[in-house]
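All heavy atoms count here, side chains included; hydrogens, waters and symmetry mates do not. Every chain is numbered from 1 and lettered A, B, ... according to where its sequence line falls, protein lines coming before strand lines.
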Amino acid sequence: MAPPVPPLTDLVLPWFDAQARDLPWRRAETTPWGVMVSEFMLQQTPVARVEPVWTRWMAEWPLPSSLAAAPRAEVLRAWGKLGYPRRALRLHEAARVIATEHDDVVPSDVDVLESLPGVGSYTARAVAAFAYRRRCPVVDTNVRRVVARAVHGRGDAGPVRARADLADVEALLPADEATAARLSAALMELGAVVCTARNPRCELCPARRTCAWQAAGRPAYTGPRRPPQGYAGTDRQVRGKLLDVLREAPAPVEKVVLDAVWSNAAQRDRCLDSLLVDGLAEQLADGRFSLGCTPVSGE
DNA sequence: GAACCGTGGTT
DNA sequence: TAACCAAGGTT
């Protein structure tokens with residue numbers, strides 16, 4: 001009889017310890033705040049684009065209270081072109097709450113974390129696990145894909161089923177808190193660099209021996225696909241163009257400058273208005289526009 | 001649950 | 001090259 005296959009943990013953890021990317025927010029000296037900032041920035045944004053922004057951000061605002069004290073426009077400029085700039089506003093607001101209501105200490109409790117703006121199920125658990133070494137399932141798109149393949153033998157994860165997804169990952173976690181936390185990071189790493197969406201590198205996979213998808217002959221995914229999002233011509237694109245002008249402008253700009261970015265006036269004005277509502281843009285008393293809110297201080 | 005919210009690299 | 005994809009959250 002062949003020797004038994006080691007559990008997933010015993011295969012993936014040694015691989016992770018030896019191969020993990022040296023990302024700045026994973027270093028021992030990184031604070032929980034640094035971890036939380038990285039998780040905000042990494043929402044739907046690739047690691048390579050986050051790295052330089054994160055490094056500058058942490059040098060400028062090493063504490064929640066230091067970010068909370070910064071003007072909104074400065075925060076939005078530092079966010080740069082990471083995309084989804086409302087994340088920057090939510091992080092700014094979360095920093096204010098942490099500074100004023102939590103003694104400038106990032107919470108470690110998942111429920112408290114989830115109550116912060118911009119912190120959902122994934123981010124709350126990621127902070128608890130990676131910043132505080134807690135044993136809690138961390139479910140992102142990478143982990144869902146790894147579980148779909150390694151555990152369920154399917155080519156890809158189907159639609160999100162929040163409760164079931166959490167239970168699936170929970171079942172994989174070893175009892176020890178710190179080890180479980182490390183496995184959570186390892187599963188994400190595996191999904192990010194080996195068990196990828198398009199061209200999985202199964203020949204490099206430490207879990208190949210125990211992978212249900214591999215055993216099944218790597219059948220193609222047959223479940224429902226979500227329709228592609230689309231971008232060209234959407235409000236999202238127009239808002240991005242407007243915001244880009246405001247971000248790069250050294251001073252408040254006249255409306256005619258903004259009018260130049262998009263020919264459809266109705267859509268343009270609607271988008272500009274939505275940016276004002278979101279707090280991403282501001283109209284000054286003289287009618288010009290600027291990024292975020294200019295602090296009313298001075299005088 | 002579906003739609004919306006940016007940006008840029010990869011295939 | 002048009003799609004696809006990247007450590008999601010909110011409404």
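Nearest-nucleotide assignment on DNA chain C puts the 5′-proximal partner with A/D156, out of A/D156 and A/Y84. Position along DNA chain B of the nearest nucleotide to A/G83 versus A/R226 favours A/R226 as the more 5'-ward residue. When each of A/N199 and A/S274 is assigned the nucleotide of DNA chain B with its nearest heavy atom, A/S274 is the one assigned upstream, toward the 5' end.
Whole-Å rounding puts the A/Q44 CD to C/dT10 C1' distance at 13 Å. In this structure, A/L23 places its CG atom 10 Å from C1' of C/dA7, rounding to the nearest Å. Counting to the nearest Å, the C1' atom of C/dG9 and the CZ atom of A/R125 are 14 Å from each other. Atom CG in A/D235 sits roughly 16 Å away from atom C1' in C/dT11 (whole-Å rounding). Counting to the nearest Å, the C1' atom of B/dG9 and the CZ atom of A/R198 are 10 Å from each other. Protein atom CG of A/L242 is 13 Å distant from nucleotide atom C1' of B/dG6, rounded to whole Å. Between the OH atom of A/Y231 and the P atom of C/dC5 there is a distance of 19 Å, given to the nearest Å. When rounded to the nearest whole Å, the span between CD of A/Q229 and C1' of B/dA3 equals 9 Å.
In the set C/dG8, C/dC5, B/dG6, C/dG8 carries the atom at the smallest distance from any side-chain atom of A/Q43. Distances from the side chain of A/A197 to the nucleotides B/dG6, C/dA7, C/dA6 place C/dA6 closest. Here the nucleotide nearest the side chain of A/P228, chosen from C/dG8, C/dA6, C/dC4, is C/dC4.
Applying the 4.0 Å criterion to OP1 and OP2 of B/dG6, one finds that A/K81 has every side-chain N and O outside that range. In terms of phosphate contacts, A/T141 brings no side-chain nitrogen or oxygen within less than 4.0 Å of OP1 or OP2 of C/dG8. Distances shorter than 4.0 Å separate none of the side-chain N or O atoms of A/R161 from OP1 or OP2 on B/dG1. Taking 4.0 angstrom as the limit, A/R144 places none of its side-chain polar atoms (N or O) nearer than this to OP1 or OP2 of C/dA6. Contact annotation: A/R239 side-chain N/O to B/dG6 OP1/OP2 distance is under 4.0 Å.
Judged by atom type and distance alone, A/S121 does not reach the base of C/dG8 through any side-chain donor-acceptor pair under 3.5 Å. The base of B/dT7 sits with one of its N or O atoms less than 3.5 Å from a complementary donor or acceptor on the side chain of A/R49.
In summary, A/D22 and A/R26 do not engage in a salt bridge, as defined by a charged side-chain N under 4.0 Å from a carboxylate O. Salt bridge A/E93/A/R96: present, at least one basic N to carboxylate O contact under 4.0 Å. Residues A/R182 and A/E189 are not paired through a salt bridge, judged by the lack of any N-O separation under 4.0 Å between the basic side chain and the carboxylate. Taking 4.0 Å as the cut-off between side-chain N and carboxylate O, A/D156 and A/R145 do not count as a salt-bridged pair. Using a 4.0 Å cut-off between a side-chain N of Lys or Arg and a carboxylate O of Asp or Glu, A/R125 and A/E114 qualify as a salt bridge.
For A/D286, the CG atom is densely surrounded, since the number of other residues' heavy atoms within 6.0 Å is greater than 12.
Base engagement by A/W25 is indicated by at least one non-hydrogen atom pair under 4.0 Å involving a base atom. Counting any heavy atom pair closer than 4.0 Å across all strands shown, A/L82 reaches a base atom. Among the heavy atoms of the strands lying under 4.0 Å from A/P85 are primed sugar atoms or P, OP1, OP2 only; no base atom is included. Residue-level contact check: A/T123 touches the backbone only, with heavy atoms under 4.0 Å from sugar-phosphate atoms and none from bases.
Between the P atoms of B/dA2 and C/dA7, the separation comes to 23 Å (whole Å). Remark: the separation of the C1' atoms in C/dC5 and B/dG6 is 14 Å, to the nearest Å. Using atom C1' as the reference point in both B/dG8 and C/dT1, the two lie 15 Å apart (nearest Å). Rounded to the nearest Å, the gap between the P atom of B/dA3 and that of C/dC4 is 16 Å.
For A/R90 (side chain) and A/L116 (main-chain N/O), no donor-acceptor pair under 3.5 Å exists by modelled atom type.
Applying the salt bridge (charged side-chain N to carboxylate O under 4.0 Å, His left out) test to pairs two or more places apart or on separate chains, those with a residue in residues 218-238 of chain A are A/D235-A/R270.
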Using Watson-Crick and G-U wobble pairs with both distances under 3.5 Å, what is the 5'-to-3' dot-bracket string of DNA chain C, with [ ] for crossing pairs and | for pairs outside the strand?
.|||||.||||
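Looking at residues two or more places apart in sequence or on another chain, you find a ring-ring contact (aromatic ring centres under 6.0 Å, His included) between A/W54 and A/W25.
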